[in-house]
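Here is the structure we will look at, set down as structure tokens.
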Amino acid sequence: MATPTPPPPATAPPAAAEPQKTDYLNLPCPIPYEEISREALMSLKPELFEGMRFDFMKGLNQKFALSHSVMMGPTEIPAQSSEIIKIPTAHYEFGANFMDPKFMLFGRVMTDGKVTARMKCDLTDNLTLKGTAQLTSEPHMSHGMFNFDYKGSDYRTQFQLGNGGLLGANYIQSVTPNLSLGGEIFWAGQHRKSGIGCAARYNTDKMVATGQVASHGMVALSYVQKVSDKVSLASDFMYNYMSKDVTASFGYDYILRQSRLRGKIDSNGVASAFLEERFNMGLNFILSAELDHKRKDYKFGFGLTVGE
């Protein structure tokens with residue numbers, strides 16, 4: 001007679017994975033306050049232009065490079081009526097760039113007399129000095145500004161000094177691994193104006209959402225969804241409490257193997273597109289278009305960029 005086989009011992013159910021605890025003493029460093037909506041700006045506000053442009057950059061060595069730019073196309077001038085008035089213009093721009101791991105300097109000179117300069121210097125591993133300046137023949141249009149940026153382990157802060165008695169400061173702090181909060185304050189002594197603002201940013205691997213509110217009545221919201229590694233969708237909403245102006249826009253950013261296509265349409269009926277096509281290493285072709293059916297303003301541009 002066969003002996004009955006004892007039943008196998010009961011196996012214990014697998015223990016549930018414990019939720020990962022957040023280490024609030026080791027949060028990531030947030031992005032700079034002025035770049036809080038950079039993903040939306042990249043998709044919704046490319047550098048549109050009208051007419052023709054040609055850019056050439058030549059590196060003399062590993063740190064120094066020269067650039068030449070030619071721009072030809074109509075320029076819109078202010079008019080008292082709703083009619084759009086454009087005059088043909090042409091400009092040449094000469095630039096020089098010096099790039100070092102701890103110091104960078106960029107200068108531009110245009111045939112209309114405008115001179116611009118930008119500087120970035122890493123004073124320490126955490127403290128950076130930035131400077132911008134513009135000199136022009138137009139009255140009250142020349143300006144200069146210095147920024148002191150400090151990068152902490154989980155926060156960033158910036159102090160601004162500019163001509164005309166401009167003083168400003170901002171601060172942004174990581175609250176959780178995905179959420180950062182910040183605020184800013186400024187004082188324009190020449191115009192006797194001051195203002196404060198606050199901002200929030202929530203980001204994951206697939207999306208970025210931001211919100212900004214300022215005391216001068218501006219409310220800005222943006223949202224970017226990463227559909228795939230090559231496709232992103234973006235939208236923003238702008239509301240000015242003082243002027244009661246409201247604008248909403250929706251755009252896309254499509255990155256192909258040798259090209260990048262960005263476009264948007266907003267609530268004012270303005271549609272735009274910007275295409276960058278890489279023909280070869282150091283040779284890029286650019287197409288720009290903007291259609292404003294309400295104002296009957298249509299802008300088209302093409303360009304070529306040579307050099308890296």
Give, for atom [atom1] of [X] and atom [atom2] of [Y], the distance between the pair rounded to the nearest 0.5 Å.
{"X": "Ser180", "Y": "Leu27", "atom1": "OG", "atom2": "CG", "answer": "10.5 Å"}
{"X": "Arg38", "Y": "Thr210", "atom1": "CZ", "atom2": "OG1", "answer": "12.0 Å"}
{"X": "Glu39", "Y": "Ile31", "atom1": "CD", "atom2": "CD1", "answer": "5.5 Å"}
{"X": "Leu166", "Y": "Lys193", "atom1": "CG", "atom2": "NZ", "answer": "12.5 Å"}
{"X": "Glu76", "Y": "Arg295", "atom1": "CD", "atom2": "CZ", "answer": "5.0 Å"}
{"X": "Leu221", "Y": "Met238", "atom1": "CG", "atom2": "CE", "answer": "9.0 Å"}

For the residue pair [Y] / [X], report whether a side-chain donor-acceptor contact shorter than 3.5 Å exists.
{"X": "Asn178", "Y": "Thr176", "value": "no"}
{"X": "Glu277", "Y": "Asn284", "value": "no"}
{"X": "Asp122", "Y": "Thr128", "value": "yes"}

task = Quick one: do Arg278 and Arg257 satisfy side-chain contact (heavy atoms from CB on, under 4.5 Å)? Show the steps, please.
result = CA-CA 9 Å; Arg278 170 166 291 192; Arg257 187 171 62 90; over 6 Å; no
Tell me, yes or no, whether the heavy-atom count around [X] atom [atom1], taken from other residues, nucleotides or ligands under 6.0 Å, exceeds 12.
{"X": "Lys230", "atom1": "NZ", "result": "no"}
{"X": "Phe159", "atom1": "CZ", "result": "no"}
{"X": "Phe302", "atom1": "CZ", "result": "no"}
{"X": "Phe64", "atom1": "CZ", "result": "yes"}
{"X": "Asn61", "atom1": "CG", "result": "yes"}
{"X": "Arg118", "atom1": "CZ", "result": "no"}
{"X": "Tyr254", "atom1": "OH", "result": "no"}

query = Would Glu138 and Lys114 satisfy salt bridge (Lys or Arg N to Asp or Glu O under 4.0 Å), going step by step from the backbone distance to the final call?
reply = CA-CA 9 Å; Glu138 300 180 16; Lys114 183 184 298 183; over 6 Å; no
Shortest non-hydrogen separation from [X] to [Y] and the atoms involved:
{"X": "Ala289", "Y": "Leu48", "result": "O-CD2, 4.3 Å"}
{"X": "Gly107", "Y": "Asn97", "result": "N-OD1, 4.5 Å"}
{"X": "Lys264", "Y": "Leu44", "result": "CD-O, 3.2 Å"}
{"X": "Ser215", "Y": "Gly195", "result": "OG-CA, 3.3 Å"}
{"X": "Cys198", "Y": "Tyr33", "result": "C-OH, 3.7 Å"}
{"X": "Ala65", "Y": "Gly59", "result": "CB-CA, 3.8 Å"}

key: Ring-face cation of Lys244 near Tyr241 (centre distance under 6.0 Å, axis angle within 45°)   = yes
request  = Show your reasoning for whether side-chain contact (heavy atoms from CB on, under 4.5 Å) applies to Met99 and Phe106.
outcome  = CA-CA 8 Å; Met99 290 168 287; Phe106 307 92; 4.2 Å; yes
task = Start with the C-alpha distance between Met119 and Leu129, add both sets of side-chain angles, then the distance that settles side-chain contact (heavy atoms from CB on, under 4.5 Å), and finish with yes or no.
result = CA-CA 8 Å; Met119 178 266 293; Leu129 171 63; 4.1 Å; yes
message = I need the single residue from Arg260, Arg262, Gln258 that forms a side chain to side chain donor-acceptor pair (under 3.5 Å) with Glu276. Which is it?
response = Arg262
side-chain hydrogen bond (donor to acceptor under 3.5 Å, both in side chains) between Thr247 and Ser267, intermediate numbers included = CA-CA 6 Å; Thr247 304; Ser267 56; 4.8 Å; no
key: Set of residues satisfying ring-ring contact (aromatic ring centres under 6.0 Å, His included) with respect to Phe279, sequence neighbours excluded   =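 Here the qualifying residues are Phe285.
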Using side-chain contact (heavy atoms from CB on, under 4.5 Å) as the criterion, list what pairs up with [X], not counting sequence neighbours.
{"X": "Ile185", "value": "Ala169, Ile196"}
{"X": "Asn147", "value": "Lys130, Met145, Asp149, Gln158, Gln160"}
{"X": "Ser235", "value": "Tyr223, Phe250"}

request  = Not counting sequence neighbours, list each pair that qualifies as a ring-ring contact (aromatic ring centres under 6.0 Å, His included) and has a residue in residues 160-187.
outcome  =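 Checked against ring-ring contact (aromatic ring centres under 6.0 Å, His included) - neighbours excluded - the pairs reaching residues 160-187 are Tyr155-Tyr171.
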request  = For Ser249, check side chain to side chain donor-acceptor pair (under 3.5 Å) against everything at least two apart and list the hits.
outcome  = Asp236
request  = Classify the angle between the aromatic ring planes of Phe98 and Phe103 as parallel (below 30°), tilted (30 to 60°) or perpendicular (above 60°).
outcome  =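 Tilted: the ring planes of Phe98 and Phe103 meet at 30° to 60°.
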task = Could you check Val70 against Phe56 for side-chain contact (heavy atoms from CB on, under 4.5 Å), going step by step and ending with a plain yes or no?
result = CA-CA 9 Å; Val70 177; Phe56 174 77; over 6 Å; no
